[in-house]
Amino acid sequence: MDSSLPHAEAAHHGHGRPSGLWALAVHYFTTTNHKDIGTMYLWFGLFNFFAGGVMALIVRAELFMPGLQVINPSLYNQLITLHGLVMIFGGLMPAFTGFANWQLPVMIGASDMAFARLNNWSFWLLPPAAALLLLSFFVPGGATAAGWTLYAPLSVQQGIGMDMAIFAIHLMGISSIMGSINIITTILNMRSPDMPLMKMPLFCWTWVVTAFLLIFSMPVLAGGVTMLLTDRHFGTDFFNAAGGGDPVLYQHIFWFFGHPEVYILALPAFGIISTILPVFSRKRLFGYTSMVYATVGIALLACVVWAHHMFTVGMPTVAVLFFMYATMLIAVPTGVKVFNWLATMWQGAMTFETPMLFAIGFLVLFTIGGLTGIVLSIAPIDIQLHDSYYVVAHFHYVMVAGSLFALFAAAYFWLPKYVGRMYNESLGKLHFWLTFIFFNLTFFVQHFLGLAGMPRRIPDYALQFADFNAISSVGAFGFGIAQLLFVYVVIDCIRAGAKTSEKHVWEGVDTLEWELPTPLPYHSFHHPPKIVWDDYKPKLADGGAH
Amino acid sequence: MALPRPGPALRSLAAAAAAWTGAAAAAAQQANSPYTFQEPATAIAREQAELHFLVLVVIVLIGAAVFAVMLYSIVKHRKDAGHKAANFHESTTVEIIWTVIPFLIIAALAFPATRVIIDARDATNPDMTVKVVGYQWKWSYDYLDENLFFYSTLATPPEQIGSLLGYGARTHAATEVVRSENYLLEVDEHLVVPVGKKVRLLITAADVLHSWAVPALGVKQDAIPGIVREAWFRAEKEGIYRGQCTELCGKNHAFMPIVVEVVSEAEYATWLAARGGGATEEDLPVAVGDVVPATAPASAGAAPAEWTAEAVYAYGEQGYTTHCVACHQADGQGLPPTFPALAGTGIAVGGAEPHIDIVLNGKAGTTMASFAYLSDAEIAAIVHYERNAWGNDSGDLVTPEDVAARR
């Protein structure tokens, strides 16, 4: 095909989005375009973010004061369980995958993802999975109430809602594995010949490592929940000591998946921050090579630390020591990342648009989450803090202030490029400050609750925990309401934002997607582009006339 | 913001600020700070707290350094302050430095941590051993050397928690609920142990995972069904130490607290004698059933003098509310599929003997535990109540003799 005739070609294939509701539905159901699929992932993530958020707010409403006022303990346990599952599998992971879909091809000079049809199926497995999770509230016995970790034997005791969760995890696992194969193949095989691995944006590096982690860990979770399923219905005793099994085995299997999962949610965030900080500092990312090695190092360590989630099950002393040392070691490559980000900002010429605010917010709060991670890694301290609110505070600093802040940064950063319109900067900044303040109001006080001994996953608590819980609940509602502003800003940007056709939406951009027209064309790079490197910035050899 | 009642957190702000600096360890003696670990009562708990304080200082210093550099950079290196971007982007020396220094800090923290782990692991040569079993949703304590066994359940009245609990009297929404000082942290039977003695705990569970945790004693050990784990503590001072189940174990996870009462050796001996400790194995159910513990809730009345239907029904309702209601619910509807209904269906509308058997022996493969530790009169009354409440109308009157015959 002649690359000089992209529009004729597009017309010939009838590509582009049709008009009409039914045609549009069919289009999105059958699309193989990475941008369409990325968009669907992002809206799906946003929907689940609110679904999981409503669950969290009901939980925080119940915890506002001592006594049971809002929901009964069974429903409480269902809500905390589904909040975790929906946020992780329905919110964060799809949202990151959405940006991967949009960004990876345009960052490396590929025409699309390597397996375009597989890409479509990876997405369309997710809505049925989410439906299984959300509808399980309405079946007899309700949704599974075993906590998102689904520990046996409590998960064996549950009703049909548990089976629905197991099948949902199967579907989401298949989706993740297919998506990962797609991402690895795309990055390794479809780069422009002028895009060597060690010049590839860090966003792509973090994603290829994340995809390997997913392929490594997801089958283990799928196997674990399948063993639960057979224990529940087919008379096996994998996790039943009376039948020769072991309940602790489930925890090993779960966390063998679960700890890499933490980094599956963190590494793409690192990639986003590593992309955004240099742009708004107008300075090249510091220590690119060590950032790549740190990413790989974190991923390798992430696979050998799982039992630090199990310091209270009564492991042999040697095992406790091993998992403690290995966990503490993660602080080293993570520290390298934080210091490199600081060095990137240092001596830069910074401006503080919304993406930069969220990136700096990430840096501040993720550092706090990392530091409390060191506290938790030390087994004798973890004896006090395990399954307490300290842990809840810690992982929300990492998952919300880490992963979610990175997603917000990415949304504000790339949305203008995607749609060719600017968002409302004042409202974006307002969204950041409300989110930042209410996040800390919600979660910082939970450190104190945990230190003082409040267990997690309880719907009612002793009176000495009343003040901080009330503060946390107020913060949570502020946080939740502030996110409506985000939806408004996004929709306002898409529908009525000031139009821009400036290729470099931000000064100081240094990745390939900014060399394409704004808004990004529906099809980009029909042929691998010729890239010339202007210092560290990739430029299209033909000046961008693709 | 209207708080339900002023908690201790705001009141002791000053004291806690001092505790943060670590200087007020002695000053905080009288009350637990809402900001940090509970006042340790064992050497291990103190080591944990000291280790935490050390690590806290380290992370606060690291965090302060990182944020100071960041803040300086944000203030000075901004475009609108006229700062021009520098051009450096790597430095092997600097990167090696900030790889090696964190490693050394981590290694330095690992040494004291390892020592505390090894100290806490040494459960050898105990002075006494108690077997602890977690159930949905209560604990039992078996003093292995004393033939003393009892259950320990939440003593906070359900009215204080609220009708959403599924049982207990409904309180009007407008009524001010007065909650006891140790709301949700009080039980009918304390685990009583002597001060200064090494108490070994053999911890397991009957149904699902639980976790036996008392912060002041420095103990948190998961209770795993089918597996016995070991933990120990040596309390240094007398007092009452409270903890909770810390592993999600179902609906009433929040409502199975742990209370350890550390007393002098003389008091312990007196208590043990009063509780019938040292009795022979055969006496056990009777011995436990006969003694009304001093800490028992007021609702646990005596068996009716005359075994009439009304009196037995009332007595049975009390027993049902104490032992059965968490699963089978006040309306007898249970929580299917895990906890079956009793109203109008199943065991409570069949013959009396299988009904007594299931209460005595439990039901294998389900969460229904054995309640053989209750007295014949209690079981008879509960069975009678279940067979005649919520529209069940067997009409028969189960007697203690019926129960005794099925034991």
Side-chain angles (χ1 to χ4, degrees), chain A residues 65 67-68 72-74 141 147 151 153-154 157 159 241-242 247 282-284 286-287 290 312-314 317 320 325 328 331-332 335-336 339 342 345-351 367 371 374-375 378-381 383-384 386-387 448 451-453 455 457-460 462-464 466-468 470, chain B residues 3-4 7-10 34-38 48 51-52 55 59 63 66 69-70 73 77-79 83-86 89-90 95 98-99 102-103 106 110 113 116-117 121 161-162 164-165 177 183-185 208-209 211 215 220-222 224-227 229 244 246 248 250-251 253-254 337-338:
Chain A
M65 59 167 110
L68 298 175
N72 65 53
S74 292
Y151 276 5
L154 185 60
Q157 243 184 29
R282 290 163 185 79
K283 189 161 154 286
R284 186 172 175 183
F286 187 88
S290 63
T312 61
V313 299
T317 307
V320 171
Y325 298 152
M328 293 170 81
V332 176
V336 167
F339 298 139
L342 269 185
M345 293 163 67
W346 187 255
Q347 294 283 352
M350 280 186 271
T351 51
T367 300
L371 292 171
I374 295 178
V375 175
I378 296 171
I381 303 177
I383 294 296
Q384 288 283 349
H386 177 81
D387 266 342
F448 301 130
L451 289 168
R457 295 171 164 174
I458 56 174
D460 196 7
L463 301 179
Q464 66 263 38
D467 291 351
F468 286 139
Chain B
L3 297 184
L10 301 178
Y35 293 92
T36 191
F37 285 177
Q38 295 177 19
Q48 291 167 348
L51 192 58
H52 172 254
V55 179
I59 67 166
V66 167
V69 171
M70 193 187 299
S73 184
H77 306 147
R78 38 197 315 155
K79 193 184 175 197
H83 195 270
K84 292 275 182 291
H89 57 87
E90 59 191 355
E95 290 174 70
W98 66 45
T99 307
F103 180 80
I106 292 298
V116 180
I117 290 175
R121 287 274 160 166
I161 301 170
L164 283 164
L165 196 57
V177 180
Y183 176 71
L184 298 188
L185 294 177
V208 298
L209 297 167
S211 189
K220 183 178 285 165
Q221 172 60 54
D222 291 0
I224 304 163
I227 296 174
R229 297 290 198 212
Q244 284 177 270
T246 54
L248 180 63
K251 184 171 74 73
H253 167 52
T338 312

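Because the structure is a prediction, the values reported are computed rather than measured. The figures that follow rest on heavy atoms only: side chains count, while hydrogens, waters and symmetry mates do not. All chains are named by letter (A, B, ...) in the order of the sequence lines, taking the proteins before the strands, and each is independently numbered beginning at 1.
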Of the listed A/V332, A/I458, A/L154, the one with the largest count of heavy-atom pairs under 4.5 Å with chain B is A/L154

So B/V208 and B/P225, do their side chains get closer than 4.5 Å, heavy atoms only?
no

Ranked by heavy-atom pairs below 4.5 Å to chain A, first place among B/I227, B/V116, B/L248 goes to B/L248

Looking only at A/G159, A/G348, A/P73, the option with the highest number of non-hydrogen pairs under 4.5 Å against chain B is A/G348

If you tally heavy-atom pairs under 4.5 Å between each of A/P247, A/G141, A/A379, A/G453 and chain B, the highest tally belongs to A/P247

Applying a strict 4.5 Å limit to non-hydrogen atoms, the region of B/I161 in contact with chain A is both

### Message
Parallel, tilted or perpendicular: which one describes the rings of A/F468 and B/Y35, with boundaries at 30° and 60°?
### Response
perpendicular

Honestly, the part of B/I59 sitting under 4.5 Å from a heavy atom of chain A is both

### Donor-acceptor pair, side chain of A/K283 and main chain of B/A86, under 3.5 angstrom
no

Bottom line for A/F339: the part with an atom under 4.5 Å from chain B's heavy atoms is both

Applying a strict 4.5 Å limit to non-hydrogen atoms, the region of A/I378 in contact with chain B is side chain

When the 4.5 angstrom heavy-atom criterion is applied to B/Q221 and chain A, the contacting part is both

Scored by heavy-atom pairs under 4.5 Å with chain B, the best of A/R457, A/R284, A/H386, A/M345 is A/R284

Okay, A/V375 and chain B: the region with an atom under 4.5 Å from a heavy atom over there is both

Max heavy-atom pairs within cutoff under 4.5 Å with chain A, candidates B/P215, B/G63, B/G226, goes to B/P215

Applying a strict 4.5 Å limit to non-hydrogen atoms, the region of B/V55 in contact with chain A is side chain

- Query: Would B/H77 and A/Q347 count as a side chain to side chain contact (heavy atoms under 4.5 Å, CB included) if you check the C-alpha gap in whole Å, the side-chain angles of each, and the deciding distance to 0.1 Å?
  - Reply: CA-CA 5 Å; B/H77 306 147; A/Q347 294 283 352; 4.0 Å; yes

The reported gap from CD1 in B/I224 to CZ in B/R229 (rounded to nearest 0.5 angstrom) is 4.5 Å

What one should report as the nearest heavy-atom pair of A/Q384 and B/F37 is CB-CZ, 3.6 Å

Ranked by heavy-atom pairs below 4.5 Å to chain B, first place among A/S74, A/A462, A/A452, A/P380 goes to A/P380

Determine whether a donor-acceptor pair (N or O, by modelled atom type, separation under 3.5 Å) exists between the side chain of B/S73 and the backbone of B/V69. no

### Message
Quick check: do A/T351 and A/R282 have side-chain heavy atoms less than 4.5 Å from each other?
### Response
yes

Of the listed B/E90, B/K84, B/Q38, the one with the largest count of heavy-atom pairs under 4.5 Å with chain A is B/E90

Of all heavy-atom pairs linking B/L209 and A/Y151, the shortest is CD1-CD2, 3.6 Å

Applying a strict 4.5 Å limit to non-hydrogen atoms, the region of B/Q244 in contact with chain A is side chain

Exercise for the section: Give a yes or no answer on whether the side chain of A/D460 reaches the backbone of A/G67 with a donor-acceptor pair at less than 3.5 Å. Expected result: yes

Under 4.5 Å to a heavy atom of chain B? For A/A242 that would be neither

Atom CZ of B/F103 with >12 non-hydrogen neighbours under 6.0 angstrom | no

